[in-house]
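Hydrogens, waters and symmetry mates play no part in the numbers below; they use all other heavy atoms, side chains included. Note on naming: letters A, B, ... go to the chains in the order of the sequence lines (proteins, then strands), and numbering restarts at 1 for each one.
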Number of protein chains: 2
Amino acid sequence: MTEIEHYQKLKLELRRGVLILAVLAELREEHYGYSLRKNLLAKGLEIDEGTLYPLVRRLEKQGLLTSEWREESNRKKRFYKVSEIGQLTLEKLTQDWHQVEETLNRILN
Amino acid sequence: MTEIEHYQKLKLELRRGVLILAVLAELREEHYGYSLRKNLLAKGLEIDEGTLYPLVRRLEKQGLLTSEWREESNRKKRFYKVSEIGQLTLEKLTQDWHQVEETLNRILN
DNA sequence: ACACATACTATTTGCCATACAGTATGCAAA
DNA sequence: TTTGCATACTGTATGGCAAATAGTATGTGT
């Protein structure tokens with residue numbers, strides 16, 4: 001493994017925990033998979049389908065969001081939205097995030 | 001698994017990628033394992049030994065830091081410090097971090 | 001004796017990325 | 001008009017890696 005590959009891997013690790021939080025936050029408003037992905041991309045977060053779908057699946061299994069098949073524009077799509085528990089979890093995680101942010105920035109100085 | 005356990009796990013995920021960056025940053029100055037851990041703790045980042053030691057071992061294997069056994073205060077300790085490559089990687093990752101920070105905060109609003 | 005200092009490892013668990021694998025719709029060119 | 005291509009849209013399998021957990025072990029000062 002080259003240095004560059006190592007670096008890329010570390011960079012991925014950095015994104016990792018953030019994904020869940022981003023998805024939860026974005027799903028305060030209802031989205032289907034594709035639009036969720038596009039929205040996150042527009043805000044600067046690229047996430048592959050093969051990463052996103054298992055992720056929402058996991059979050060749903062944990063009760064943090066709900067999903068429903070519906071037809072829209074002649075197409076069946078699966079719509080996701082945070083549950084109440086998901087909303088609470090999001091709020092707590094947001095606080096945790098700000099703490100992590102502070103701590104790391106303190107260390108980086 | 002209960003909701004609380006899920007939450008705790010997510011919180012851990014959030015810390016995850018940050019650890020490497022924190023360790024690299026802290027090792028701009030030389031430390032041995034124990035003092036490294038104490039230092040990070042003092043700055044608000046708790047990290048278990050069982051996490052820290054494999055981590056530094058990994059970073060060393062990747063060439064991001066060097067280590068050396070030395071005696072100090074009648075005790076042999078293993079001292080760690082970032083290498084040149086580690087320093088460069090740290091700088092790049094720091095930029096990446098700030099970008100992640102921006103992106104996530106944008107999504108959270 | 002006890003607490004603290006110091007270092008290290010094995011196992012378990014879970015997740016992300018990668019790659020693979022589709023269906024359906026609209027539109028343009030042939 | 002049908003072939004083909006783009007893009008919308010949704011998933012699954014697996015492999016490798018990493019953090020947490022729960023240990024082992026020795027030394028030192030009080």
Side-chain angles (χ1 to χ4, degrees), chain A residues 1 5-24 30-42 45-62 64-65 67-80 96 100, chain B residues 1-2 4-24 30-42 45-62 64 67-80 100:
Chain A
M1 245 204 182
E5 285 168 331
H6 281 141
Y7 162 66
Q8 310 249 4
K9 195 151 280 189
L10 295 177
K11 189 173 171 182
L12 286 180
E13 284 290 322
L14 201 55
R15 273 172 34 113
R16 204 182 146 145
V18 164
L19 294 181
I20 305 144
L21 196 45
V23 167
L24 273 182
E30 200 183 49
H31 281 291
Y32 53 99
Y34 192 82
S35 73
L36 172 58
R37 182 160 177 261
K38 289 296 174 199
N39 259 48
L40 289 173
L41 183 62
L45 188 71
E46 198 170 354
I47 179 169
D48 201 85
E49 296 127 8
T51 303
L52 181 59
Y53 286 107
L55 175 57
V56 286
R57 197 55 38 88
R58 238 173 10 253
L59 293 178
E60 183 172 16
K61 195 182 283 176
Q62 296 176 4
L64 302 180
L65 54 87
S67 79
E68 167 193 16
W69 278 99
R70 243 187 8 247
E71 186 144 351
E72 191 205 60
S73 317
N74 259 359
R75 283 186 112 126
K76 278 168 288 172
K77 302 166 183 177
R78 192 197 280 270
F79 287 84
Y80 305 90
D96 296 333
V100 166
Chain B
M1 246 202 186
T2 77
I4 295 169
E5 285 167 333
H6 281 141
Y7 162 66
Q8 309 247 3
K9 196 149 278 185
L10 295 177
K11 188 172 171 182
L12 288 178
E13 283 291 321
L14 202 56
R15 275 171 33 114
R16 202 182 146 142
V18 164
L19 293 181
I20 304 144
L21 197 45
V23 166
L24 274 181
E30 200 183 50
H31 281 290
Y32 52 97
Y34 191 81
S35 74
L36 172 58
R37 182 160 176 260
K38 288 296 173 197
N39 260 49
L40 289 172
L41 183 61
L45 188 71
E46 198 170 352
I47 180 169
D48 202 87
E49 296 131 13
T51 302
L52 182 59
Y53 286 108
L55 176 56
V56 287
R57 199 52 41 87
R58 225 165 32 245
L59 293 178
E60 182 172 16
K61 195 182 282 176
Q62 297 176 3
L64 302 180
S67 79
E68 168 193 15
W69 278 99
R70 242 188 9 247
E71 185 144 353
E72 190 204 60
S73 318
N74 260 358
R75 281 186 114 128
K76 277 169 288 172
K77 303 166 183 178
R78 192 197 282 270
F79 287 85
Y80 305 90
V100 166

- Are the side chains of B:Arg58 and B:Gln62 in touch, meaning some heavy atoms are under 4.5 Å apart? yes

- Which part of the nucleic acid, if any, lies within reach of A:Glu13 when heavy atoms closer than 4.0 Å are counted: base, sugar-phosphate only, or nothing? sugar-phosphate

- DNA chain D stem ranges, 3 or more consecutive Watson-Crick or G-U pairs under 3.5 angstrom: C:1-30 with D:1-30

- Tell me whether the OP1 or OP2 atom of C:dC8 has a side-chain N or O from B:Tyr53 closer than 4.0 Å. no

- Select base, sugar-phosphate, or nothing to describe what A:Gly50 touches, counting heavy atoms under 4.0 Å on all strands. base

- Query: With a 4.5 Å heavy-atom cut-off, do A:Ile20 and A:Leu64 have their side chains touching?
  - Reply: no

- In whole angstrom, give the distance that lies between atom CG of A:Leu41 and atom P of D:dA8. 12 Å

- What's the closest nucleotide to the A:Arg16 side chain, out of C:dT9, D:dT21, C:dC15? C:dC15

- OP1 or OP2 of C:dC15 under 4.0 Å from side-chain N/O of A:Gln62: yes

- Message: Please confirm whether the shortest side-chain N or O distance from B:Arg78 to OP1 or OP2 of C:dC8 is below 4.0 Å.
- Response: yes

- Query: When all nucleic acid strands are considered with a 4.0 Å heavy-atom cut-off, which category describes A:Lys76: base, sugar-phosphate, or nothing?
  - Reply: nothing

- Would a 4.5 Å heavy-atom cut-off, applied to side chains only, mark B:Trp69 and B:Arg78 as touching? yes

- Message: If I take atom CD in residue B:Glu46 and atom C1' in nucleotide D:dT21, what distance separates them, rounded to the nearest angstrom?
- Response: 14 Å

Could you run down the sub-3.5 Å N/O contacts of the protein with nucleotides 27-30 of chain D?
{"unit_1": "D:dG27", "atom_1": "N3", "unit_2": "B:Arg75", "atom_2": "NH2", "d": "3.2"}
{"unit_1": "D:dT28", "atom_1": "OP1", "unit_2": "B:Asn74", "atom_2": "O", "d": "3.4"}

- Item | Heavy-atom neighbours of A:Lys77 NZ exceed 12 at 6.0 Å | yes

- Query: Would you say a side-chain N or O of B:Tyr34 is under 4.0 Å from OP1 or OP2 of C:dA7?
  - Reply: no

- Query: For B:Leu14 and D:dA19, what is the distance between atoms CG and P respectively, to the nearest whole Å?
  - Reply: 14 Å

- Message: So, does A:Arg57 get its side chain near the phosphate of D:dG11, meaning an N or O under 4.0 Å from OP1 or OP2?
- Response: yes

- Using the closest heavy atom to pick a nucleotide of DNA chain D for each, name whichever of A:Met1 or A:Pro54 lands nearer the 5' end. A:Pro54

- Task: Using whole Å, report how far NE2 of A:His6 lies from P of D:dA18.
- Result: 9 Å

Below 3.5 Å, can you tabulate the donor-acceptor pairs from side chains in residues 45-56 of chain A to any protein atom, sequence neighbours excluded?
{"unit_1": "A:Asp48", "atom_1": "OD2", "unit_2": "A:Gly50", "atom_2": "N", "d": "3.1"}
{"unit_1": "A:Glu49", "atom_1": "OE2", "unit_2": "A:Arg37", "atom_2": "NH1", "d": "3.2"}

- Task: Send over the distance from B:Glu49 CD to C:dT6 C1', rounded to a whole Å.
- Result: 8 Å

- Query: Please give, in whole Å, the distance from C:dT6 P to B:Phe79 CZ?
  - Reply: 9 Å

- Query: When the nearest nucleotide of DNA chain D is assigned to A:Tyr80 and to B:Ile20 on a heavy-atom basis, which residue is associated with the more 5' position?
  - Reply: A:Tyr80

